[in-house]
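Naming: A, B, ... by sequence-line order, numbering from 1 per chain.
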There are 2 protein chains.
Amino acid sequence: MRSLPDASVDVIFADPPYNLQLGGELHRPNNSRVDGVEDSWDRFDDLATYDAFTRAWLAEAQRLLKPDGTLWVIGSYHNIFRVGAALQDRGYWILNDVIWRKSNPMPNFRGRRFTNAHETLIWAARSQESRYTFNYESMKALNDDLQMRSDWYIPICSGGERLRDAEGRKQHSTQKPEALLHRVLLASTRPGQLVLDPFFGSGTTGAVAKRLGRRWIGLERDNDYARIARERIARVEPLTDPSLIEIKPKREAPRVPFGWLVERGLLEPGTLLYGPGRRHCAKVRSDGTLIASGPEGDHRGSIHQVGAALQGAPACNGWSFWHLDVEGRAVPIDVLRQKLRAEME
Amino acid sequence: MRSLPDASVDVIFADPPYNLQLGGELHRPNNSRVDGVEDSWDRFDDLATYDAFTRAWLAEAQRLLKPDGTLWVIGSYHNIFRVGAALQDRGYWILNDVIWRKSNPMPNFRGRRFTNAHETLIWAARSQESRYTFNYESMKALNDDLQMRSDWYIPICSGGERLRDAEGRKQHSTQKPEALLHRVLLASTRPGQLVLDPFFGSGTTGAVAKRLGRRWIGLERDNDYARIARERIARVEPLTDPSLIEIKPKREAPRVPFGWLVERGLLEPGTLLYGPGRRHCAKVRSDGTLIASGPEGDHRGSIHQVGAALQGAPACNGWSFWHLDVEGRAVPIDVLRQKLRAEME
DNA sequence: ACAGGTGGTGAATCGCACA
DNA sequence: GTGTGCGATTCACCACCTG
């Protein structure tokens, strides 16, 4: 970075080491071993060392940015708070924090925390005075004519897009999906502008920049990574008319778990539910499970599980099985779900 | 906070001032004025002042927490990075960052950024050694039997839940939705535990804690807010039926050694057990150990040890690994354990 | 050619009670 | 403190194989 001139870059996209601090080995319930990030480039002695590293590259990045330039950084809870605080300390002006919601994150195998299903991006201008680029209309068009929100639902990089060697091993442990960079660059750069990625890795930034007709610089100190990236980008065909090809965002199915009805107050814990013909009865608990008394003791579980158990059936659709008593009439609980779905739109 | 004793609180939920640094007035496209947060409690002279404030209350919070206690903080990009970094500096151990995705955020009226459609919560243990509470089963139940993810989709507080005075003005500018606190407290506290909210405001934490059978302390320096919160919480009806709020984790079920099945006659010595897909086979001995023949000689030991040895795995849950042959069908030995547990009650 | 089943895998800070 | 052993725990997607 030190060899590049002042105020020469329009946008910087940075995917620095996250400093994950992983402990021992982790296994899936089927005893297979999780292939975690154990690369030497992700190891720092302590938080102070990581902070010094962060402040150093953020300072250079600010020097390289044009006055109206912006910076993107991606990270997880391990590092993003330190990066964000350092940004603000240096006078960068945060424009948004953006959540990359993963459609297919790795589960939490031990059941000890919430599934870590997202990463965080910070989008910041070089200073509070920067007159930055934001392609509002492109983003709105990409989102079915609704303003693009700060939470993005995008799959992780896998399948054919994931770079692998002849033995099928992934060539970079943290390759980012092109869909993510597509949205970043489409939102914050104009065709022909210069994008710098100081942690180039497998070269996703360069590949997408080339395709979208942006110029790019990638910095990578590992020679293998640099070679992989060069070969990858050489295979990319630039779009001659980018307006013709848009990556449509992934739509999420509007699933409504039964527990949400309790959480949102549409259903009080303790409410009684009835099966068809009032032959069965169960009580709603505060976590959205049911409790019912059967001939062989209590049944607890989801609306589907308890419905199945009471009928002695292998499966049951709880949404149509269970009913509320509304002034003597039996009303299927599915009407509450429809109500909530309507509120969600 | 200074008046409370050391290590007296199980969970802290903190909704500190966000230090929003709003500039002039903001108007909607129809020229109506946006009623933003202009309260004096949200104004700080500079980042250093805000940091000092943050570090002070985080230090007190850590003193008040029991060794296995956890802390929740909610914030936006204006303050959450500073809070997160300060947390880590103090030795708190981050467990998750959780994204509250708003179903109905305020749009970005100027079209200059992404719609700011989320807030960030940090969930952290008092230290890396804390053996914190996480009600995995409840969270899974609340999400239709899938692991709860780190992104939560919840509406903002509005409608009947929003506290308003006689003139219809909102009584607190940043009242949080009860659904958010419902999920927070259901995930990380047990009935009867003590929850502290050092920025009590309109008292959402107290209202939900009372309803869910948790004890609570709210600290609020504004007398009007304190009065509003007191009146609000007085109107809340707690759930009295313990079966609605007490969720017994599987991990706390009474331990049943495998040998008891043999001892009680549920399993004959000499019975053959099979691994998944009948790829492995072992014989039950009279002391509850197994004996199996592998490629490298006999394996003897507990159901777990033999299962692990045959798979070449570091560990194995024998209860789910081994199956009985019941008329040609494979039945996990765990059903025998459940039978014995039921007899023991 | 197509449907359905099987197996692999992803930026992961992933126990706890005993002796 | 340290060591040992029980036993709890996974979702979405894709490649590949089989019928």
Side-chain angles (χ1 to χ4, degrees), chain A residues 15-39 41-44 47 74-80 100 102-120 153 155-162 164 168-170 172-177 199 201 250 252-253, chain B residues 68 88 92-97 124-125 128-132 134 136-137 140 143-150 249-253 255-259 276-277 288 301-305 307-308 314-322 333-334 337:
Chain A
D15 182 11
Y18 289 8
N19 188 25
L20 287 183
Q21 308 172 61
L22 302 180
E25 295 200 337
L26 179 66
H27 293 84
R28 299 187 179 79
N30 67 1
N31 277 328
S32 66
R33 189 175 156 281
V34 172
D35 181 19
V37 175
E38 293 163 3
D39 307 85
W41 49 253
D42 197 50
R43 279 201 282 275
F44 294 81
L47 287 178
I74 183 167
S76 66
Y77 66 85
H78 310 83
N79 71 323
I80 199 66
W100 169 26
K102 302 181 185 185
S103 61
N104 48 348
M106 189 164 16
N108 184 295
F109 295 116
R110 305 300 290 269
R112 302 298 301 164
R113 306 178 177 195
F114 299 101
T115 303
N116 193 3
H118 73 275
E119 296 189 21
T120 301
Y153 188 68
I156 61 174
C157 181
S158 66
E161 186 185 325
R162 189 90 198 203
R164 296 185 185 276
R169 285 177 306 225
K170 53 191 177 193
H172 193 287
S173 55
T174 68
Q175 186 183 342
K176 294 293 175 288
F199 305 98
K250 197 176 161 70
E252 191 187 6
Chain B
D68 294 340
Q88 293 179 303
Y92 283 96
W93 192 245
I94 298 182
L95 301 169
N96 280 111
D97 57 339
Q128 191 174 354
E129 291 73 39
S130 303
R131 295 188 325 225
Y132 55 89
F134 178 57
Y136 176 75
E137 289 83 2
K140 194 168 171 174
N143 195 36
D144 265 359
D145 288 333
L146 291 176
Q147 286 192 340
M148 184 68 79
R149 297 168 42 119
S150 56
K250 210 177 185 179
R251 293 182 158 86
E252 286 177 16
R255 203 176 79 84
V256 175
F258 178 72
S302 71
I303 52 172
H304 315 294
Q305 288 165 339
C316 169
N317 181 348
W319 290 108
S320 52
F321 183 80
W322 293 109
I333 57 173
D334 199 40
R337 180 170 64 162

Exercise for the section: Let me know, please, whether B/R149 or B/E137 comes out on the 5' side of the other along DNA chain D by nearest nucleotide. Expected result: B/E137
Handout entry: Donor-acceptor pair present, A/R162 side chain and C/dT9 base, under 3.5 Å
Key = no
Handout entry: Pairwise 5' ranking along DNA chain D for A/T115 and B/N317, keeping only the more 5' one
Key = B/N317
Practice task
Run the salt-bridge test on A/E25 and A/R33 with the 4.0 Å N-O cut-off and return the result as yes or no.
Solution key: yes
Exercise for the section: Scan A/C157 against the nucleic acid and name what it touches under 4.0 Å (heavy atoms): base, sugar-phosphate only, or nothing. Expected result: nothing
Handout entry: Between P of D/dG7 and CZ of B/F258, the distance in whole Å
Key = 11 Å
Practice task
Please indicate yes or no: is the ring centre of B/Y136 less than 5.5 Å from the centre of the six-membered base ring of D/dT9, with the two planes inclined by under 30 degrees?
Solution key: no
Problem - Minimum side-chain heavy-atom gap A/R110-A/L26 below 4.5 Å - result: yes
Practice task
Record whether the side chain of A/D15 comes under 3.5 Å of the base of C/dA11 through a donor-acceptor pair of N or O atoms.
Solution key: yes
Practice task
State which of C/dA12, C/dG10, D/dC13 makes the closest approach to the side chain of A/D35.
Solution key: C/dG10
Exercise for the section: Could you give the distance separating D/dA12 and C/dC14 at their P atoms, to the nearest angstrom? Expected result: 23 Å
Problem - Distance between P atoms of C/dG10 and D/dA8 (Å, rounded) - result: 28 Å
Exercise for the section: Could you tell me whether the side chain of B/Y132 reaches within less than 4.5 Å of the side chain of A/R113, counting heavy atoms only? Expected result: yes
Practice task
Could you tell me whether the side chain of B/R337 has a donor or acceptor atom within less than 3.5 Å of a complementary atom in the base of D/dG7?
Solution key: no
Problem - Nearest-angstrom distance from the residue atom CD1 of A/I156 to P of C/dA11 - result: 5 Å
Problem - Presence of donor-acceptor pair under 3.5 Å, side chain of A/K102 and base of C/dA11 - result: no
Problem - Sugar-phosphate, base or nothing in reach of A/P16, heavy atoms under 4.0 Å - result: base
